[in-house]
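Worksheet for the structure shown next.
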Amino acid sequence: MGKEIGHQTFTAEERAAFRARLRDETSALKHWFDTRVFDYAEGYTIGLELEAWLIDRNHLPSPQNAEFLAAVNDADVVEELSRFNFEINTPPSALGPGAFAGTQAALETVWAKCARTAAAMDLRPVAIGILPTVRDEMLQPEWMSDTNRYHALSSELFARRRGEPLHIAISGQDTLDYRCDHLMLEAACTSLQVHLKVNQEDAPRFYNAAVLAAGPLVAASANSPFLYGKSLWQETRIPAFEQATALHGFRDRHGRDVLRVTLGTGYVRHSLLELFLENLSYDALLPALSDETAHLPHLRLQNGTIWRW
């Protein structure tokens with residue numbers, strides 16, 4: 001989903017070629033669904049993705065993830081959008097007796113390694129939704145991780161917006177109203193994400209159940225009310241993430257504008273293929289061409305720039 005790309009700018013020829021390959025790979029995926037080529041398993045598999053912050057003695061974000069990641073030297077600990085964030089991935093494990101304890105143990109082992117590495121740099125790692133001490137001057141392009149992917153995402157976003165600044169307007173107990181010309185506010189929205197691998201025939205029910213459960217889960221676990229010293233939504237990450245990447249996607253059958261950060265356009269009826277067909281309605285933000293063909297690289301790259309809750 002977060003795969004690095006080779007360069008930051010794209011020609012008209014690359015964009016056209018990417019769209020063609022995306023259509024071809026979506027057709028290939030449809031064939032996979034039709035012929036049921038996906039692995040079948042009796043049980044389910046889970047994994048975790050934890051996004052975290054590096055903070056200094058004053059509990060302020062510290063933009064040192066490059067040095068930190070080099071010192072950690074772990075393939076399961078990777079960079080995130082900003083230079084003060086990083087991400088931990090746990091190994092997939094079978095969902096059964098002891099699965100949660102095993103996943104917790106694996107996460108704690110890596111977390112302890114990260115804590116030791118950060119301490120040697122006079123830093124601390126912290127897992128939190130939005131760090132209340134983050135300031136606007138820290139969520140600026142110069143604090144972005146030095147990768148082609150993130151810089152290209154930012155420039156492509158504003159090229160599509162024809163240079164129009166993002167309007168961040170969030171009202172709660174206080175009101176936040178300002179404009180910016182970069183997507184770094186997205187870096188303030190860190191999370192714990194659970195990945196569940198299911199069989200093809202089970203996937204529509206699980207997807208629809210996740211959509212149904214999203215509202216109650218947010219209500220029960222909302223924990224990020226503060227941004228820039230203001231008390232906003234109880235879960236401010238939702239409007240912050242939506243507005244930090246605000247870009248027209250397409251109109252649904254009811255005429256509503258579907259953005260790139262969305263809960264979706266409804267329930268899945270037959271298979272998850274419907275989501276990838278829907279992805280064809282979005283512009284390609286990262287039209288980077290790949291010589292690899294076996295694992296649908298262009299389809300995966302497109303899907304990684306559409307953020308369904």
Side-chain angles (χ1 to χ4, degrees), residues 1-41 45 47 49 78 81 87 89 92 147-157 159-160 183 193 195-208 210-211 245 247-253 258-309:
M1 298 291 286
K3 183 179 179 181
E4 175 63 314
I5 58 177
H7 51 280
Q8 299 180 18
T9 59
F10 311 97
T11 66
E13 291 75 14
E14 285 178 298
R15 297 178 193 278
F18 184 92
R19 294 296 302 182
R21 296 187 190 186
L22 177 60
R23 289 192 296 269
D24 290 344
E25 290 178 8
T26 304
S27 295
L29 182 64
K30 181 181 184 303
H31 178 70
W32 291 3
F33 272 94
D34 291 343
T35 55
R36 304 178 63 80
V37 301
F38 299 103
D39 292 339
Y40 179 86
T45 302
E49 176 182 323
V78 298
L81 173 58
E87 175 184 300
N89 297 280
T147 68
N148 290 326
R149 178 185 181 88
Y150 294 133
H151 285 281
L153 269 176
S154 188
S155 61
E156 288 290 310
L157 173 68
R160 299 296 196 287
L183 55 68
Q193 300 170 29
H195 301 271
L196 178 66
K197 179 182 177 182
V198 301
N199 291 320
Q200 178 178 338
E201 62 273 14
D202 296 326
R205 293 187 298 110
F206 276 78
Y207 178 87
N208 293 339
V211 172
T245 55
L247 184 65
H248 169 70
F250 61 93
R251 297 283 180 181
D252 68 10
R253 56 180 178 162
V258 181
L259 303 179
R260 299 190 85 94
V261 177
T262 172
L263 187 60
T265 56
Y267 298 117
V268 167
R269 298 189 177 190
H270 303 291
S271 78
L272 296 192
L273 175 65
E274 296 162 32
L275 304 178
F276 293 94
L277 293 173
E278 188 175 89
N279 286 357
L280 293 172
S281 299
Y282 290 93
D283 285 341
L285 277 187
L286 295 178
L289 301 178
S290 172
D291 294 329
E292 192 267 312
T293 58
H295 298 101
L296 311 182
H298 305 89
L299 180 144
R300 288 161 44 222
L301 191 55
Q302 173 77 341
N303 193 60
T305 63
I306 299 164
W307 299 277
R308 292 182 176 89
W309 291 111

Calculate, to the nearest 0.5 Å, the distance between atoms CG and NZ belonging to Asp202 and Lys197 respectively. 13.0 Å
List for me each residue that meets side-chain contact (heavy atoms from CB on, under 4.5 Å) alongside Ser27, sequence neighbours excluded, and say none if there are none. none
Ring centre gap for Phe33 and Phe38 strictly below 6.0 Å: yes
Applying side chain to side chain contact (heavy atoms under 4.5 Å, CB included) to Asp283 and Arg15, what does each step give before you reach the verdict? CA-CA 10 Å; Asp283 285 341; Arg15 297 178 193 278; over 6 Å; no
Only one of Asn279, Thr265, Thr262 passes side chain to side chain donor-acceptor pair (under 3.5 Å) with Arg308; say which it is. Asn279
Minimum heavy-atom distance between Ala294 and Trp32, given as atom pair plus value: O-CH2, 3.8 Å
Distance, nearest 0.5 Å, that separates CG of Leu259 from CG of Leu247: 8.0 Å
Interatomic distance, CD@Glu156 vs OG1@Thr305, rounded to 0.5 Å, equals 10.0 Å
Would the distance check show the side chain of Gln193 and the main-chain N or O of His195 forming a donor-acceptor pair, the cut-off being under 3.5 Å? no
Can you check whether Gln200 reaches Leu272 side chain to side chain, under 4.5 Å on heavy atoms? no
Walk me through it: do Phe10 and Leu289 pass the test side chain to side chain contact (heavy atoms under 4.5 Å, CB included)? CA-CA 10 Å; Phe10 311 97; Leu289 301 178; over 6 Å; no
Tell me every residue that passes salt bridge (Lys or Arg N to Asp or Glu O under 4.0 Å) with Arg251, counting only those two or more places apart in sequence or in another chain. none
Would you compute the distance between atom CZ of Arg269 and atom CG of Asn208 and round it to the nearest 0.5 angstrom? 10.5 Å
Hey, does Tyr150 have a side-chain heavy atom less than 4.5 Å from the side chain of Leu183? no
Any idea which heavy atoms bring Gly266 and Tyr207 closest together, and the distance? O-CE2, 4.2 Å
Closest heavy-atom pair and its distance - Leu275, Val268: CD2-CG2, 4.1 Å
Flag if over 12 foreign heavy atoms under 6.0 Å of NE2, His7: yes
Do the side chain of Glu14 and the main chain of Pro287 share a donor and acceptor less than 3.5 angstrom apart? no
Salt bridge (Lys or Arg N to Asp or Glu O under 4.0 Å): which pairs involve residues 18-36, sequence neighbours left out? Lys30-Asp34, Arg36-Glu201
Kindly compute the distance separating CG (Leu153) from CG (Leu81), expressed to the nearest 0.5 Å. 8.5 Å
Student check: side-chain heavy atoms of Thr45 and Leu196 closer than 4.5 Å: no
Does one side chain, of Gln8 or Ser155, offer a donor that lies under 3.5 Å from an acceptor on the other? no
Considering only heavy atoms from C-beta outward, does the side chain of Leu285 approach that of Arg260 to under 4.5 Å? yes
Can you name the closest pair of heavy atoms from Ala203 and Val198 and give their distance? CA-CG2, 3.7 Å
When every non-hydrogen atom of Ala288 is compared with those of Leu301, the smallest separation belongs to O-CD2, 3.8 Å
CG of Leu286 to CD of Gln302: how many Å apart, nearest 0.5 Å? 9.0 Å
Show the nearest heavy-atom pair for residues Asn199 and Asp39, with the distance to one decimal. OD1-O, 3.7 Å
